[in-house]
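To start, the structure itself, in structure tokens.
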Amino acid sequence: MTTPRARTPKPTPILVQASLDRLGKRLARARKLRELTQEDLAHLSDVSLSTLRSLEAGADGVALGNFLKVLQGLNLLDQVEDWLDPRRDPETVNFVERRLGGG
């Protein structure tokens, strides 16, 4: 019986990493504006300090649930409602225009 080979992780695409870096900086800024230490925010968010540090550093391996916990700890969870809003998706607009015959 052969042992399955471990997959080599693929590198994070440049544009994705750039977005993660920007999000991490924004998280750190939001934390500092609230005069919270990393330890304070980690405790408020019920995540480990290393998880919070990874998020602020733009790491790509942090679970989305942990990111949302940190947003909740910052009282910013409501901003998630704008993610993937169909009213802001150009494909939704194109679909509606095709259905209505305008375009």
Exercise. Report yes if the side chains of Glu56 and Arg31 come closer than 4.5 Å at any heavy-atom pair, otherwise no.
Key: yes

Practice problem: Please lay out, stage by stage, how Ser48 and Thr51 fare under the test side-chain hydrogen bond (donor to acceptor under 3.5 Å, both in side chains). | Solution: CA-CA 5 Å; Ser48 70; Thr51 294; 2.9 Å; yes

Practice problem: Nearest 0.5 Å please: distance from the CD1 atom of Ile14 over to the OG atom of Ser19. | Solution: 12.0 Å

Practice problem: Report the residues that fulfil side chain to side chain contact (heavy atoms under 4.5 Å, CB included) with Glu81, sequence neighbours left out, ordered by chain and then residue number. | Solution: none

Quiz item: Linking Ile, Leu, Val, Met, Phe, Trp and Tyr through side-chain heavy atoms less than 4.5 Å apart, which residues share a cluster with Leu20?
Solution: Val16

Exercise. Count the heavy atoms belonging to other residues, nucleotides or ligands that lie under 6.0 Å from CD of Glu39, then report whether that count exceeds 12.
Key: yes

Quiz item: Under 3.5 Å, side chain of Arg34 to main-chain N/O of Ala30, donor-acceptor pair present?
Solution: yes

Quiz item: Which residues pass the salt bridge (charged side-chain N to carboxylate O under 4.0 Å, His left out) test with Arg22, sequence neighbours left out?
Solution: none

Exercise. Please check if the side chain of Asp40 supplies one atom and the backbone of Thr37 the other of a donor-acceptor pair under 3.5 Å.
Key: yes

Practice problem: Applying salt bridge (charged side-chain N to carboxylate O under 4.0 Å, His left out), name anything that partners Asp78, two or more places apart in sequence or on another chain. | Solution: none

Self-check item: Residues that, via side-chain heavy atoms closer than 4.5 angstrom, fall in one hydrophobic cluster with Leu33
Solution: none

Self-check item: Hydrophobic cluster of Leu41, others only, ordered by chain and residue number, side-chain cut-off 4.5 Å
Solution: Leu23, Leu27, Leu36, Leu44, Val47, Leu52, Leu55, Val62, Leu64, Phe67, Leu68, Val70, Leu71, Leu74, Leu76, Leu77, Val80, Trp83

Quiz item: So, Gln38 side chain and Ala28 main chain: donor-acceptor pair closer than 3.5 Å or not?
Solution: no

Quiz item: Distance-only, no hydrogens or angles: does the Thr92 side chain make a donor-acceptor pair with backbone N or O of Arg87 under 3.5 Å?
Solution: no

